[in-house]
Student: 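Okay, handing you the structure first.
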2 protein chains.
Amino acid sequence: MLHAVTDIDTSEALTERQKDVLDAALRLLVEEGDQLTMTAVARRASCSKETLYKWFGDRDGLLTATVQWQASKVRVVPVDRKGLDLPSLTASLERFASDWLKVISSDTSIALNRVAVGHASSGKDDLGVIVLENGRFALAKRLKPVLEAGRQAGFLEFSDAETAFRTFFGLVARDVQIRLLLGDRLELTDVAIGGDAVRATQQFLALFGAKTGPQGP
Amino acid sequence: MLHAVTDIDTSEALTERQKDVLDAALRLLVEEGDQLTMTAVARRASCSKETLYKWFGDRDGLLTATVQWQASKVRVVPVDRKGLDLPSLTASLERFASDWLKVISSDTSIALNRVAVGHASSGKDDLGVIVLENGRFALAKRLKPVLEAGRQAGFLEFSDAETAFRTFFGLVARDVQIRLLLGDRLELTDVAIGGDAVRATQQFLALFGAKTGPQGP
DNA sequence: TCGATGGCGTACCGTACGTTACGGTTCGGC
DNA sequence: GCCGAACCGTAACGTACGGTACGCCATCGA
């Protein structure tokens, strides 16, 4: 289990300058992958290495701060649960699917996940936990209320929201993330993403949609 | 696209001694992750570094050979398509799902995928391609004939085998692989895997099973 | 005006590791 | 028994990079 390990408010007292430095590190990470050096970050950010060490402790600290900084930038848009009907539920699910596909296919996400995966082998720091907590688990946390609302409104049928979520996750992501992480050139256009979102949502509704309508037969 | 890049017969003239060395490297890779050193491999395999360099060129060559060697070890068991009925189709699908879950949750697969993901960022070598080709694409190559047979027998309905396969893939793997790669302690017991295989198969049949029987109404 | 603080640039140190070189040993062929 | 090839073990080399020290400048409060 790793839930509820880091609730990540982060942005904890970061000066503008520090944010700039982390942005530079992030860009470098996207461009060059994990072999980014402290010297490169310092040069790109126009700061001295000494400052990097004073602010972030060591290389892992910088990496962690960078990942957390990126995580803090994705803001959660709450879903309103008023007037829930089937079209709006469908639209919500499609929106989640589309957003998620956009995220996992973005250069930033790919780079961050690669770094985190690489560091997970030598379980030294918590990059993997941070990425999971702000990716997969954050998604679940946002989506589950929608699923629950759909169930209470009688549009969905499932016994366990976690299981339902994981199925939705699988229907949306399929093999996309692992292929991208492994370097497969998988071009996801906006229209392809939109189509996949619709397909995944329809499949999910086919599996978990209530046979009877919200009022019953 | 990266299909049909490496058809990988490999094992290309590997002496027993060389296989032993690669096995040692593989074990070391599983134990220590990507930071395995040439010295460590030489010591573990009781060979000299000079021999390593003569045989495999450089560190990347050794890594590539190791990954290919592991890939060459998984033998494909062909599925017989005789006497296809719904129970045997279901059993085949469950078997594929179960096997796949066992593979992606194995220490070896996790270690290899981590290394390949790490190397994909600095697109220097083809580790990612090799892993994909022997993982996700090999699975597709084996499963698609089964899907086609199921369709011709009238048990399945789909227009594109690739799309159907990817949905099956998503239903089986869900978030398992990325969570494991990121270091989440996800314990998959045999019974849990079996249950997941059954669930994924049922969901797949619910989505792609023919509404009419094999003979039709 | 002036000391102090914070940060930039750079030179430097130590180490880890990839790579190479070399002496010693085993072994198959003559 | 002798030769050369292959291989083991290890020492040595070169370099890249994490981490540190230091000189210099700008800003700021007194």
Side-chain angles (χ1 to χ4, degrees), chain A residues 12-67 69 111 114-116 118-119 121-127, chain B residues 12-67 69 111 114-116 118-119 121-127:
Chain A
E12 30 158 334
L14 285 178
T15 69
E16 287 307 310
R17 181 77 182 106
Q18 287 172 327
K19 293 176 186 174
D20 290 342
V21 171
L22 292 182
D23 275 327
L26 197 56
R27 257 175 296 135
L28 221 43
L29 210 59
V30 171
E31 293 171 19
E32 308 198 6
D34 194 10
Q35 86 289 17
L36 92 168
T37 67
M38 299 298 278
T39 304
V41 173
R43 194 159 38 220
R44 176 69 73 99
S46 293
C47 72
S48 72
K49 286 208 286 177
E50 190 174 31
T51 303
L52 290 184
Y53 284 101
K54 180 189 285 185
W55 285 348
F56 306 108
D58 56 3
R59 185 174 181 276
D60 280 336
L62 173 63
L63 239 41
T64 303
T66 304
V67 173
W69 166 236
R114 280 181 179 157
V115 173
H119 277 239
S121 48
S122 71
K124 207 169 34 178
D125 40 24
D126 302 329
L127 289 188
Chain B
E12 28 158 336
L14 285 179
T15 69
E16 287 307 311
R17 182 76 182 103
Q18 287 172 328
K19 292 176 186 175
D20 290 344
V21 171
L22 292 181
D23 274 328
L26 195 56
R27 257 175 296 136
L28 221 43
L29 210 58
V30 171
E31 293 172 18
E32 310 198 4
D34 195 8
Q35 86 287 17
L36 93 167
T37 68
M38 299 298 278
T39 304
V41 173
R43 191 158 41 220
R44 176 70 71 100
S46 292
C47 72
S48 73
K49 289 204 276 181
E50 188 175 31
T51 303
L52 290 184
Y53 283 100
K54 180 194 281 189
W55 284 349
F56 306 108
D58 56 4
R59 185 174 182 275
D60 280 335
L62 172 63
L63 238 43
T64 303
T66 303
V67 173
W69 165 237
R114 280 183 179 155
V115 173
H119 278 238
S121 48
S122 71
K124 205 168 39 180
D125 41 22
D126 302 328
L127 289 188

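Heavy atoms only: backbone and side chains are in, while hydrogens, waters and symmetry mates are out. By convention in this document, chain letters (A, B, ...) are assigned in the order of the sequence lines, proteins followed by strands, and residues within each chain are numbered from 1.
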Student: Among dC17(D), dC17(C), dG19(D), which is the nearest nucleotide to the side chain of Thr37(B)?
Tutor: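 Selected nucleotide (nearest to the side chain): dC17(C).
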Student: Just wondering, do Phe56(B) and Thr66(B) contact through their side chains at under 4.5 Å, heavy atoms?
Tutor: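 Counting from C-beta outward, Thr66(B) and Phe56(B) never come under 4.5 Å.
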Student: Are any of the side-chain nitrogens in Glu31(B) or Arg44(B) under 4.0 Å away from the carboxylate oxygens of its partner?
Tutor: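 Looking at Glu31(B) and Arg44(B), the cut-off is met.
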Student: Report the distance from atom CG of Leu62(B) to atom C1' of dG18(C), rounded to the nearest whole Å.
Tutor: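 Taking CG of Leu62(B) and C1' of dG18(C), I get 12 Å after rounding.
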Student: Figure out the CG/C1' separation between Asp60(A) and dC17(D), and round it to whole Å.
Tutor: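 Computing the Asp60(A):CG to dC17(D):C1' distance gives 14 Å.
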Student: Please work out which residues in residues 38-55 of chain A have a non-hydrogen atom less than 4.0 Å from an atom of DNA chain D and list them by number.
Tutor: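 The stretch gives Met38(A), Lys49(A), Glu50(A), Tyr53(A) as the residues lying under 4.0 Å from the strand, ordered by number.
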Student: Would you sort out whether Val41(B) and Lys49(B) count as a side chain to side chain contact (heavy atoms under 4.5 Å, CB included), showing the intermediate values?
Tutor: CA-CA 8 Å; Val41(B) 173; Lys49(B) 289 204 276 181; over 6 Å; no
Student: Under a 3.5 Å distance rule, please check whether Glu32(A) uses its side chain to pair with a backbone N or O of Leu29(A) as donor and acceptor.
Tutor: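 Here the side-chain-to-backbone pair does not exist.
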Student: Could you check how far CD of Glu32(A) sits from C1' of dC17(D), rounded to whole Å?
Tutor: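 It works out to 14 Å between those atoms.
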Student: Distance check needed: dA16(D) C1' versus Arg59(A) CZ, whole Å only.
Tutor: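 To the nearest whole Å, that distance equals 12 Å.
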Student: Check whether any side-chain heavy atom of Asp60(A) sits under 4.5 Å from a side-chain heavy atom of Leu127(A), and report yes or no.
Tutor: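 Counting from C-beta outward, Asp60(A) and Leu127(A) never come under 4.5 Å.
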Student: Report the distance from atom CD of Gln35(B) to atom P of dG18(C), rounded to the nearest whole Å.
Tutor: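 Atom-to-atom, Gln35(B) to dG18(C), this comes out as 10 Å.
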Student: Could you check whether any side-chain heavy atom of Leu22(A) comes within less than 4.5 Å of a side-chain heavy atom of Leu62(A), counting everything from C-beta outward?
Tutor: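 Touching, per the 4.5 Å side-chain cut-off.
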Student: Between dC8(C) and Arg17(A), is there an OP1 or OP2 to side-chain N/O distance shorter than 4.0 Å?
Tutor: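 Yes, such a contact exists.
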